Amino acid sequence: NVGDQIPELKFEKSLPENSSTLVVLVHNSHLENHPELLKHHFSNEHIRNDLKEHKKVTVYATEHCKHFHRAVVYLCDLDVKSSREKIANFAVKISDDLVAMKAKTATVYIEPALKEHLTSEAVGILASVVILRGHKFERKNPTGDDKIEKPQKAFDSLTFVCEHLNHEDKEFKFHISTYKYTIFAREFIGTRANVANTTFVAELATWAQEAFPSLEVNIIEGEELAKQGMNLLYNVGRGSEHPARLITMKYHGNKSTEEFHGLVGKGIVFDSGGLNIKTMMMDLMYGDKGGCVAVFATMIALADLKLPVNVVAGLGVAENSADARSYRPSDIIRSLNGLTVAIGNTDAEGRLVMADTMTHIQRNFKVTHLIDVATLTGACMVALGANTGGLFTMDDEMASNLLKASEGAFEDLWRLPIKDEHREALKHPVADLNNIGPSTFGGACIAAAFLEKFVEKGVKWTHLDIAGPGIGMGDFVGHRKGATGFGVRLLLKYFHN
């Protein structure tokens with residue numbers, strides 16, 4: 001029931017009768033020519049003045065009304081030149097009001113006079129952001145480790161009434177078809193590690209293959225990882241009773257070529273820090289699988305939407321625990337690509353998991369481009385704050401395409417450097433690499449420089465550090481504090497473009 005909180009979204013051309021809650025958008029330039037359904041209310045000068053002053057007014061049904069019991073009227077100042085962010089922020093207001101009113105079902109009526117002001121893309125943004133903003137991971141009355149309680153929905157259904165909507169508009173279709181995968185990701189991320197352990201992730205991947213036959217899924221687990229040379233991934237998970245897994249998901253949507261984009265996701269289902277045990281924020285570390293979940297949700301979306309692209313994903317899944325069998329600071333471990341890694345700190349485990357997963361994907365599939373997604377470093381949060389992900393790449397075209405996608409998906413990225421000083425910081429007197437730098441300075445850049453060592457020749461690569469927005473420390477467009485599903489719409493917009 002990971003996706004149980006996805007509400008029904010409908011689009012109509014005419015108003016249904018007897019909506020319990022009706023939202024009406026009235027453009028400020030058409031205030032005097034008010035909608036027919038509100039003519040009795042708008043004949044009242046006080047209501048008109050309240051709307052002008054406060055930009056919002058709530059009215060209730062009269063004997064002349066057949067369309068609603070309660071209507072919230074918004075003065076809409078959007079037009080065709082409005083930025084996507086302004087449109088999304090307007091949707092946030094609507095969503096927050098509906099949640100405050102505990103409106104389980106609602107109809108949003110976009111008056112015909114808005115035709116010249118709101119594009120079909122704008123309507124898609126409004127609809128998707130209202131739903132995404134309204135969603136919040138919530139479990140009531142937990143009953144134990146073996147059961148996930150059915151979540152409480154913010155909305156059961158939303159209906160948007162718009163006469164001028166072009167259902168074939170590319171951007172409209174993107175927004176209304178992708179919000180559900182972000183909600184799926186939020187529910188997945190928010191599920192705690194006593195339920196969502198490495199076995200759970202593997203079972204969900206098996207379900208995905210059954211639900212979407214165009215996905216090919218393969219799982220390598222436990223001792224088999226070490227036998228195949230993935231010692232970094234294996235060792236990170238060695239201290240947990242739930243063995244580490246490497247899960248591959250392949251989607252071949254463009255049969256005219258055998259070339260693939262590669263995605264790699266960090267799937268640490270819980271991060272205690274290992275023997276270098278965490279001293280802060282450990283309670284949030286169920287969210288350390290955010291990169292893995294973003295990639296997972298992207299793959300089922302590609303298969304569900306049948307996009308004509310080829311993508312293969314690698315999910316490095318492990319639990320970083322403190323145990324007698326755990327790997328230790330000072331251990332030197334040989335990676336799948338042959339480089340030896342000295343463990344300077346067991347709490348820098350994500351890059352180890354990612355390294356072997358990246359190598360496996362590149363050596364077993366014809367990957368031309370590789371994007372890895374990880375809640376990797378607190379240093380990135382220090383640099384960019386809680387709402388922006390860090391983008392690292394030496395390829396300007398990939399950077400440009402991902403930054404453009406981030407704008408369209410409301411998932412902000414900022415490009416950060418990998419310089420020689422960051423590469424030098426990884427040197428070790430005995431091993432090929434240290435898994436940490438000599439100080440806390442430039443930690444996000446040093447982590448990216450570590451991953452760069454595992455990029456195969458000829459592969460164009462980008463690293464996305466989503467530690468801040470992935471774990472959900474902030475409150476930003478379309479998201480409430482908590483599991484955000486950050487990265488899903490970003491990656492889908494990237495492939496969509």
Side-chain angles (χ1 to χ4, degrees), residues 2-3 5 132 135-139 142 145 148 151 181-201 204 236-237 240 242 244-245 247 264-274 277-298 315-321 347-351 353-354 372-382 384-390 411-412 443-444 447 463-476 478-491:
V2 169
Q5 273 199 313
L132 286 170
H135 172 266
K136 182 180 180 181
F137 179 88
E138 190 172 34
R139 292 285 186 266
D145 291 1
I148 306 174
Y181 308 106
T182 296
I183 293 178
F184 173 90
R186 290 177 180 179
E187 290 293 304
F188 189 172
I189 295 167
T191 304
R192 276 28 178 194
N194 59 323
V195 173
N197 52 40
T198 63
T199 303
F200 176 95
V201 179
L204 205 54
V236 169
S240 172
H242 305 289
R245 265 94 168 178
I247 301 169
V264 170
K266 173 190 169 185
I268 301 298
V269 296
F270 191 81
D271 182 17
S272 70
I277 199 159
K278 287 184 180 292
T279 57
M280 60 185 297
M281 292 179 60
M282 195 193 295
D283 60 318
L284 297 177
M285 289 301 106
Y286 63 86
D288 211 16
K289 58 185 181 289
C292 161
V293 174
V295 170
F296 187 108
T298 298
L315 312 177
V317 184
E319 180 177 7
N320 189 25
S321 297
D347 197 21
E349 84 298 330
R351 63 201 71 182
V353 165
M354 300 289 281
D372 77 74
V373 189
T375 50
L376 202 62
T377 67
C380 199
M381 295 171 63
V382 172
L384 299 178
N387 299 339
T388 302
E411 296 187 340
D412 288 346
H463 164 55
L464 302 180
D465 189 336
I466 64 167
I471 292 177
M473 297 291 291
D475 189 52
F476 55 103
H479 301 283
R480 296 181 185 276
K481 189 175 181 180
T484 63
F486 186 98
V488 179
R489 285 181 297 162
L490 165 64
L491 292 173

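Just so you know, these numbers use all the heavy atoms, side chains as well, and skip hydrogens, waters and symmetry mates. Given the structure is predicted, the values throughout are model-derived calculations rather than measurements.
For the ring pair (Phe, Tyr, Trp, His ring centres under 6.0 Å) test, no residue two or more places apart in sequence or in another chain qualifies with Tyr181. Residues passing the side chain to side chain contact (heavy atoms under 4.5 Å, CB included) test with Ala444, sequence neighbours excluded: Thr377, Ala379, Cys380, Phe392, Asp465. Ala294 pairs by the side chain to side chain contact (heavy atoms under 4.5 Å, CB included) definition with Val488, not counting sequence neighbours. Among residues two or more places apart in sequence or in another chain, the salt bridge (Lys or Arg N to Asp or Glu O under 4.0 Å) test is passed with Lys289 by none. Residues satisfying the side chain to side chain donor-acceptor pair (under 3.5 Å) criterion with Thr198, sequence neighbours excluded, are Arg245. In terms of the side chain to side chain contact (heavy atoms under 4.5 Å, CB included) criterion, residue partners of Asn197 (sequence neighbours excluded) are, by chain and number, Thr199, Phe200, His242.
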Residue pair Glu349, Lys266: steps toward the side chain to side chain contact (heavy atoms under 4.5 Å, CB included) verdict: CA-CA 10 Å; Glu349 84 298 330; Lys266 173 190 169 185; 3.7 Å; yes
Side chain to side chain contact (heavy atoms under 4.5 Å, CB included) evaluation trace for Met285 with Ile471: CA-CA 8 Å; Met285 289 301 106; Ile471 292 177; 3.9 Å; yes
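Val236 has its side chain within reach of Ile268: a pair of non-hydrogen atoms, C-beta onward, lies under 4.5 Å apart. Side-chain contact check for Val353 versus Asn320: every heavy-atom pair is 4.5 Å or farther apart. Using a 4.5 Å heavy-atom cutoff, the side chains of Val317 and Val269 are in contact. In this structure the side chain of Asn387 never reaches within 4.5 angstrom of the side chain of Asp412, judged on heavy atoms. Side-chain contact between Lys278 and Asp347 is present, with at least one heavy-atom pair separated by less than 4.5 Å.
Note: Leu490 CG to Leu464 CG = 6.0 Å, rounded to the nearest 0.5 Å. The distance from atom CG of Asp288 to atom CG of Leu376, rounded to the nearest 0.5 Å, is 8.5 Å. In this structure, Phe486 CZ and Thr182 OG1 are separated by 10.5 Å, a value rounded to the nearest 0.5 Å.
Using the six-membered ring where Trp is involved, Phe184 and Phe296 have ring planes that are parallel, under 30° apart on the 30 and 60° scheme.
Judged by distance alone, the side chain of Arg186 and the main-chain N or O of Leu132 form a donor-acceptor pair under 3.5 Å.
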